[in-house]
Amino acid sequence: MARRSPAPDLARSIYLLWGHHPSPGRSGLTVPAIVTAGIEIADVDGLDAVSMRKVADRLGVGAMSLYGHVPGKDDLTALMVDAVYAELYGDDGNGGGDVTAASRVGDWRAAMRFVAERNWALYQRHPWLLDIRSSRPTLGPHVSRKYEVELRPLDGIGLSDVEMDAALTLVLSHVDSTARAHRKVSRTRTESGMSDAEWWAVVAPVLDQVMADDDLIVSARVGGAVGAQFDAAQHPEHALTFGLDTILAGIQARITSPGP
């Protein structure tokens, strides 16, 4: 049996993302209302908790009525992602994100720090974004404007177009990884019932006693320094700042002394 092409579904999804929505039914149900309900559920219980049935229950309608507006959870998730990205950079007065938002904060380094801070904050408000499994972007209007906002500060500083995309990807990937570490730390605190400082107060003196192996001299020294500095084994916020500074220095070095 021939495999059905996904192209029609993909095209339908893009039209849906860009506002080609069915008219509200007799119940007044709309795509934005469905998306808002999905986001509210995900913010509290996570992305896996979102289902068409739960969204329908939240809206007080039958589950089948949703499918005339949003064909399924994949489309709903794409709409949810695009909707929360609208929070990143304000409004240009015409219902879209301000594409000059990052460019106006200073030079390209300040702009990239601004971009990193905004994306970090978005992950804190909507941690379910870290559970998106597809590596392909959700090509909606707010995702597209996000890309525009974040690329503009890199335009004209000495990078090729491909390097601009790679530099931005490097910054955003770093934010993503440190946000994941932050979420893991937060979950561990909650599930263990111990703060990092309480955990370190128990662990540190025991480690001093048991880590007597001379081969572990550097790891013991460095691990102890981190613990003393942060009362924890790791500090994602520090990692975010340190890593971002290092990435920006590397981009500057590439601009100054471009490789082959």
Side-chain angles (χ1 to χ4, degrees), residues 17 35-50 55 73-91 96-99 101-102 105 108-154 165-192 195-196 230 232-248 251:
L17 281 163
V35 173
T36 297
I39 292 170
E40 290 171 350
I41 294 169
D43 284 348
V44 175
D45 298 320
L47 187 61
D48 287 343
V50 178
V55 170
K73 184 173 177 179
D74 287 347
D75 287 298
L76 176 57
T77 301
L79 288 160
M80 289 164 56
V81 171
D82 195 66
V84 297
Y85 277 150
E87 301 173 15
L88 278 168
Y89 300 116
D91 194 329
D98 180 0
V99 295
V105 302
W108 68 269
R109 298 170 196 79
M112 287 298 100
R113 289 190 174 91
F114 173 77
V115 165
E117 290 166 0
R118 287 300 180 94
N119 279 272
W120 171 274
L122 191 72
Y123 283 133
Q124 308 318 305
R125 293 195 300 274
H126 306 293
W128 53 268
L129 287 168
L130 297 167
D131 296 325
I132 302 299
R133 295 178 178 88
S134 176
S135 63
R136 290 174 176 162
T138 300
L139 297 175
H142 297 117
V143 170
S144 299
R145 292 184 81 85
K146 174 184 187 296
Y147 189 47
E148 178 73 21
V149 173
E150 295 170 350
L151 281 174
R152 284 199 180 194
L154 299 174
D165 177 83
L168 177 59
T169 298
L170 189 58
V171 170
L172 296 179
S173 296
H174 176 60
V175 175
D176 179 283
S177 65
T178 51
R180 289 177 189 279
H182 181 272
R183 182 172 65 163
K184 187 179 294 184
V185 167
S186 297
R187 283 180 172 174
T188 299
R189 289 173 187 152
T190 300
E191 292 169 1
S192 69
S195 69
D196 288 338
F230 302 117
Q234 59 176 317
H235 195 282
E237 290 87 345
H238 176 263
L240 174 69
T241 302
F242 180 84
L244 185 59
D245 288 346
T246 304
I247 289 168
L248 298 183
I251 294 172

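Residue indices begin at 1 and follow the sequence shown.
A donor-acceptor contact shorter than 3.5 Å links the side chain of Thr178 to the backbone of Val175. Remark: the backbone N or O of His126 is not paired with any side-chain donor or acceptor of Asp43 at under 3.5 angstrom. Arg189 places no side-chain N or O within donor-acceptor distance of the main-chain N or O of Ser195, the cut-off being under 3.5 Å. Without hydrogens or angle criteria, Ser177 side chain to His174 main chain gives a donor-acceptor distance under 3.5 Å. A donor-acceptor distance shorter than 3.5 angstrom exists from the side chain of Asn119 to the backbone of Val115, with no hydrogens or angles considered. Between the side chain of Arg180 and the backbone N or O of Leu130, at least one donor-acceptor pair lies under 3.5 Å.
Taking CZ from Arg183 and CG from Leu129, the interatomic distance works out to 9.5 Å, rounded to the nearest 0.5 Å. Annotation: the span from Trp108 atom CH2 to Leu248 atom CG amounts to 5.0 Å, rounded to 0.5 Å. Rounding to the nearest 0.5 Å gives a distance of 10.5 Å between CG of Leu170 and OG1 of Thr246. Separation of atoms CG (Asp82) and CZ (Arg145) is listed at 11.5 Å; rounding is to 0.5 Å. Atom OH of Tyr147 sits about 3.5 Å away from atom CG of Asp165, to the nearest 0.5 Å. Distance NE2/His182 to CD/Gln234: 10.5 Å, rounded to 0.5 Å.
Under the 30°/60° scheme for interplanar angles, the aromatic rings of His238 and His235 are found to stand perpendicular.
With a 4.5 Å cut-off on side-chain heavy atoms, Arg118 and Glu87 do not count as touching. The shortest side-chain heavy-atom distance between Trp128 and Asp48 does not fall under the 4.5 Å cut-off.
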Assess the residue pair Arg125 and Val84 against the criterion (side chain to side chain contact (heavy atoms under 4.5 Å, CB included)); give the C-alpha distance rounded to whole Å, side-chain angles, the decisive distance to 0.1 Å, and a yes or no.
CA-CA 9 Å; Arg125 293 195 300 274; Val84 297; over 6 Å; no
Assess whether side chain to side chain contact (heavy atoms under 4.5 Å, CB included) is satisfied between Met112 and Leu154, documenting all intermediate values.
CA-CA 9 Å; Met112 287 298 100; Leu154 299 174; 4.1 Å; yes
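In this structure, Trp120 and Ala179 approach most closely via the heavy-atom pair CZ3-N, 3.5 Å. Contact between Leu244 and Ala116 at its shortest, heavy atoms only, is CD2-CB, 3.7 Å. Nearest heavy-atom pair across Val81 and Ile132 is CG2-CD1, 3.7 Å. In terms of heavy-atom proximity, Val55 sits nearest to Gly38 at CG2-CA, 4.0 Å. What you find for Ile41 and Val50 is that their closest heavy atoms are CG2-CG2, 4.0 Å. The two residues Ala102 and Ala111 make their nearest non-hydrogen contact at O-CB, 3.3 Å.
Tyr89 pairs in a side-chain hydrogen bond (donor to acceptor under 3.5 Å, both in side chains) with only one of the listed residues (His142, Glu150, Glu148, Lys146), which is Glu150.
Around CG of Asp74, the count of heavy atoms belonging to other residues, nucleotides or ligands within 6.0 Å does not exceed 12.
Salt-bridge check for Asp245 with Arg113: passed, with a basic side-chain N closer than 4.0 Å to an acidic carboxylate O.
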